[in-house]
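Notes follow once the structure below has been shown.
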Amino acid sequence: MGTIREDMPLLARHEGRWKGAYTYLDAAGTVTDRHESLLTCTLPMVGEYDYHQVNEYAWDDGRTEKRVFPGVYQGGGRCTFDTERLRGEFWELDDRVIYLNWIYKAEGEDLRLFELIHLSEDGDERARVWQWIRDGVCYRRTLINETRIG
């Protein structure tokens, strides 16, 4: 088994800090939420986790939130994450796109989220989309545009 850097070179290109915005849409396309974000993605050389992501969110009304997403490399180009809130996995589809799927533990298995992350050729822009599927029906989408700031 190679290292996460060797086996997931696209993921390694995502290391850094990303500033962006999350926009939530209902099934009809109506915006239901929007907030700014700052994500920090690292591939630690030592420690319990092979991937570490910190998400910081800020809303116009002054609310803030911080979430940490540690991942463990499973080999074969797959990484998993399992926190008190989420459980899922991700892998590279090609040289530009990473695919994730996960569940919110409190919601159960009938709610699944699927995400595609596209990295621009120059590595400075990311476009992400989540699809929220409950009982086989998409009822929400999240659109995220990010720019590398470090």
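Heads up: numbering here begins at 1 and tracks the sequence. Values reported hereafter were calculated over all heavy atoms of this structure, with side chains retained and with hydrogens, waters and symmetry mates removed.
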Item to check | Intermediate values then yes/no, ring pair (Phe, Tyr, Trp, His ring centres under 6.0 Å), F114 and W130 | outcome: CA-CA 5 Å; F114 302 92; W130 303 357; over 10 Å; no
Item to check | Minimum-distance pair of heavy atoms, taken over all atoms of D122 and D124 | outcome: OD1-N, 2.9 Å
Checklist entry - Just how far is it from atom CZ of R34 to atom CG of L143, taken to the nearest 0.5 Å? => result 11.0 Å
Item to check | Distance (rounded to the nearest 0.5 Å) between T40 OG1 and N55 CG | outcome: 8.5 Å
Flag the pair [X] / [Y] as yes when at least one side-chain heavy-atom distance between them is below 4.5 Å, and no otherwise.
{"X": "D135", "Y": "V137", "answer": "no"}
{"X": "C41", "Y": "R17", "answer": "no"}
{"X": "I98", "Y": "L10", "answer": "yes"}
{"X": "V68", "Y": "H52", "answer": "yes"}
{"X": "W102", "Y": "F69", "answer": "no"}
{"X": "L11", "Y": "R13", "answer": "no"}
{"X": "L93", "Y": "L116", "answer": "yes"}
{"X": "E89", "Y": "D82", "answer": "no"}

Next on the checklist: Looking at R126 and I117, would you say the former's side chain and the latter's main chain have a donor-acceptor pair under 3.5 Å?
Outcome noted: no
Salt-bridge present ([X], [Y]; N to O < 4.0 Å):
{"X": "E146", "Y": "R128", "answer": "yes"}
{"X": "R96", "Y": "D94", "answer": "no"}
{"X": "R87", "Y": "E109", "answer": "yes"}
{"X": "D110", "Y": "R134", "answer": "yes"}
{"X": "R5", "Y": "E15", "answer": "yes"}
{"X": "E65", "Y": "R67", "answer": "yes"}

Short side-chain donor-acceptor distance under 3.5 Å, [Y] and [X]:
{"X": "R112", "Y": "N101", "result": "yes"}
{"X": "Q74", "Y": "T80", "result": "yes"}
{"X": "W18", "Y": "T147", "result": "no"}

Checklist entry - Does Y57 have any ring-ring contact (aromatic ring centres under 6.0 Å, His included) partners at least two apart in sequence or in another chain, and if so, which? => result Y22, H35
Checklist entry - Under the side-chain contact (heavy atoms from CB on, under 4.5 Å) criterion, do D33 and V31 qualify, and how do the steps go? => result CA-CA 6 Å; D33 186 27; V31 174; over 6 Å; no
Next on the checklist: With a 4.5 Å cut-off on side-chain heavy-atom distances among I, L, V, M, F, W and Y, is there a chain of contacts connecting L25 to I133?
Outcome noted: yes
When the side chains of residues 43-51 are checked against the rest of the protein, which donor-acceptor pairs come out under 3.5 Å, sequence neighbours left out?
unit_1, atom_1, unit_2, atom_2, d
D50, OD2, Y73, N, 2.7
Y51, OH, Q53, OE1, 2.5

Checklist entry - Considering residues at least two apart in sequence or located in another chain, which fulfil the salt bridge (charged side-chain N to carboxylate O under 4.0 Å, His left out) criterion with R141? => result none
